[in-house]
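Data block below; observations after.
Only heavy atoms go into these numbers, but all of them, side chains included; no hydrogens, no water, no symmetry mates.
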Amino acid sequence: MRSLGHGTGILVSLFVASALAADFVTSGGQIFTPGFAILDAPQPGTPLGGDTIEVALDVSADGKLNLPPYDPASPSLIHNITIFLYSYDTGRNFTITNGTASANNASLGDIMLSEPGSTVKHVKWTWPDCLIGDGKPDGSGSDRGAYNISIRQNFRLNGDDHYTIFDVPISVTNSIPFVGNNPSCDSVNNPLLTPEEIDATTANSVGILFAPGDATVVQQQQPTGENGAGSVVFEWKSAVVGLLAFGMLIF
């Protein structure tokens with residue numbers, strides 16, 4: 001795992017380690033992704049349980065991208081973010097959210113429309129019934145154990161559309177109780193593609209974005225106001241210290 005510290009007058013330390021064969025770029029406890037989303041929680045390798053699995057995502061790239069509604073013509077926006085929970089050990093691939101809520105929220109709706117006004121979206125999904133239990137897998141037929149939270153971002157950055165895949169390893173080993181509305185595993189399960197079919201390396205060619213020191217410029221356009229005012233185009237630039245707004249044009 002790569003960690004980048006930042007701040008004025010603070011000694012910056014850089015270290016590299018392996019986290020289940022994946023490198024993560026982190027700063028201040030946040031994990032940066034190939035897209036606008038920044039993962040606040042959970043951290044890689046965390047044992048999870050409880051009534052729900054909770055994923056916290058900053059969908060504004062730490063204030064660099066406005067929240068929806070977007071102007072459809074904006075050069076930068078998020079089309080959607082979908083999240084899955086999969087395991088090659090168990091062969092399971094569960095839908096946490098694909099943008100459309102299913103009956104009883106077995107899978108969740110569009111997270112970009114949740115918590116209006118908040119740049120951090122807290123995705124809370126009730127564990128499916130086959131993960132109920134406590135501790136490590138108790139046999140080859142168990143669906144508990146090692147999983148990946150897979151965050152799929154479909155977005156436009158400065159006129160170019162991207163679809164990226166970001167996986168975070170966790171373990172389903174803490175206690176998960178029956179809460180009365182646990183969806184059946186088969187109702188939220190999908191065919192599991194091979195790594196070659198997914199081809200995350202090609203999908204993520206845009207690279208990790210918006211970490212400290214990244215100079216990516218974000219061009220975006222505000223929707224036309226109800227009073228007929230023209231659209232406003234902003235450009236934001238990432239820097240090692242803070243956020244620099246360096247241009248605004250009004251059309």
Problem set entry | Note, M112 side chain near I78 side chain (heavy atom, < 4.5 Å) | yes

Exercise. Does a side-chain heavy-atom distance below 4.5 Å link N182 with I132?
Worked result: yes

Problem set entry | CD1-OH distance between I198 and Y86, expressed to the nearest 0.5 angstrom | 5.5 Å

Exercise. Are I151 and Y163 co-members of a hydrophobic cluster defined by side-chain heavy atoms under 4.5 Å apart?
Worked result: no

What side-chain donor-acceptor pairs closer than 3.5 Å can you find for residues 117-124, not counting sequence neighbours?
from: S118; atom 1: OG; to: V120; atom 2: N; distance (Å): 3.2
from: S118; atom 1: OG; to: V120; atom 2: O; distance (Å): 2.8
from: K121; atom 1: NZ; to: S114; atom 2: O; distance (Å): 2.7
from: K121; atom 1: NZ; to: E115; atom 2: O; distance (Å): 3.1
from: K121; atom 1: NZ; to: S118; atom 2: O; distance (Å): 2.9
from: H122; atom 1: ND1; to: E115; atom 2: OE1; distance (Å): 3.4
from: H122; atom 1: ND1; to: E115; atom 2: OE2; distance (Å): 2.9

Exercise. Ignoring hydrogens and geometry, is there a side-chain-to-backbone donor-acceptor pair from N93 to N189 under 3.5 Å?
Worked result: no

Problem set entry | S150 versus D167, side-chain donor and acceptor atoms under 3.5 Å | yes

For this session: Please identify each residue that fulfils ring-ring contact (aromatic ring centres under 6.0 Å, His included) with F178, with sequence neighbours left out.
Result: none

Exercise. Do C185 and R92 touch side chain to side chain, with heavy atoms closer than 4.5 Å?
Worked result: yes

For this session: Locate the shortest heavy-atom distance separating L57 from I111; write the atom from each residue and the value.
Result: CD1-CD1, 4.1 Å

For this session: Find the distance between CD1 (I53) and CD1 (I176) and round it off to the nearest 0.5 Å.
Result: 8.5 Å

Problem set entry | Within 6.0 angstrom of N158 CG, more than 12 heavy atoms from elsewhere | yes

Exercise. Closest approach of A211 and V25, non-hydrogen atoms and distance?
Worked result: CB-CG1, 3.7 Å

Problem set entry | Verdict with reasoning, N190 to T95, per side-chain hydrogen bond (donor to acceptor under 3.5 Å, both in side chains) | CA-CA 7 Å; N190 309 280; T95 300; 2.7 Å; yes

Problem set entry | Residue pair I81 / A37: nearest heavy atoms and the distance that separates them | CD1-CB, 4.2 Å

For this session: With side-chain contact (heavy atoms from CB on, under 4.5 Å) as the test, would you mind laying out the steps for I149 and F166 before giving the verdict?
Result: CA-CA 8 Å; I149 297 171; F166 187 75; over 6 Å; no

For this session: With the side chain counted from C-beta on, respond yes when D58 and F36 share a heavy-atom pair under 4.5 Å apart, and no when they do not.
Result: no

Problem set entry | Between S205 and T202: side-chain donor-acceptor atoms closer than 3.5 Å | no

Exercise. Is there side-chain contact between N148 and V168, with heavy atoms separated by less than 4.5 Å?
Worked result: no

Exercise. What's the shortest heavy-atom distance between N98 and T82, and which atoms?
Worked result: CA-CG2, 3.6 Å

For this session: Decide whether S107 and S102 meet the rule of one side-chain donor and one side-chain acceptor closer than 3.5 Å.
Result: yes

For this session: Examine distances only and state if a side-chain atom of S74 and a backbone atom of Q221 form a donor-acceptor pair shorter than 3.5 Å.
Result: yes

For this session: Drop me the distance from R156's CZ to S76's OG, to the nearest 0.5 angstrom.
Result: 8.5 Å

For this session: Flag yes if I165 and F24 sit in one hydrophobic cluster, no otherwise; membership is Ile, Leu, Val, Met, Phe, Trp, Tyr, and two members link when side-chain heavy atoms are under 4.5 Å apart.
Result: no

For this session: Show the numbers, then the answer: is there a side-chain hydrogen bond (donor to acceptor under 3.5 Å, both in side chains) between N66 and Q220?
Result: CA-CA 8 Å; N66 292 327; Q220 57 189 311; 3.3 Å; yes

For this session: Decide yes or no on side-chain contact (heavy atoms from CB on, under 4.5 Å) for L39 and Q30, but give the supporting numbers first.
Result: CA-CA 6 Å; L39 180 66; Q30 293 184 308; over 6 Å; no

Exercise. How long is the span from the NZ atom in K136 to the OG atom in S142, to the nearest 0.5 Å?
Worked result: 12.5 Å

For this session: Measure from the side-chain N and O atoms of T194 to the backbone N and O of E197, and report whether any donor-acceptor pair falls under 3.5 Å.
Result: yes

Problem set entry | ring-ring contact (aromatic ring centres under 6.0 Å, His included) involving Y147 - partner list, sequence neighbours excluded | none

Exercise. Any link between L77 and V206 through a network of hydrophobic side chains (Ile, Leu, Val, Met, Phe, Trp, Tyr) touching at under 4.5 Å?
Worked result: yes

For this session: Please round to the nearest 0.5 Å and tell me the distance separating atom CG of D161 and atom CG of N154.
Result: 7.0 Å

For this session: Please answer whether the main-chain N or O of A106 pairs with a side-chain N or O of N104 as donor and acceptor at a distance below 3.5 Å.
Result: no

Exercise. Any side-chain donor paired with an acceptor under 3.5 Å for S184 and D186?
Worked result: no

Exercise. Are D71 and Q222 side-chain neighbours, meaning at least one heavy-atom pair lies under 4.5 Å?
Worked result: no

Exercise. Under 4.5 Å between any side-chain heavy atoms of V59 and L67, yes or no?
Worked result: yes

Problem set entry | Distance flag, aromatic centroids of F84 and F94, threshold under 6.0 Å | no

Exercise. Is L209 close to T33 at the side-chain level, that is, under 4.5 Å between some pair of heavy atoms?
Worked result: no

Problem set entry | Distance in Å, S87 OG paired with L192 CG, rounded so as to fall on 0.5 Å steps | 8.0 Å

Exercise. Which heavy-atom pair separates T97 from G109 by the least distance, and what is that distance?
Worked result: OG1-O, 2.7 Å

Exercise. Are the aromatic rings of F155 and H79 close, with centres under 6.0 Å apart?
Worked result: no

Problem set entry | Nearest heavy-atom neighbours spanning D143 and L131 | O-CD2, 3.1 Å

Exercise. Taking the inter-plane angle between the rings of W125 and W127 on a 0 to 90° scale, is it parallel (under 30°), tilted (30 to 60°) or perpendicular (over 60°)?
Worked result: tilted

Exercise. Do the charged groups of D89 and R144 touch, with an N to O distance under 4.0 Å?
Worked result: no

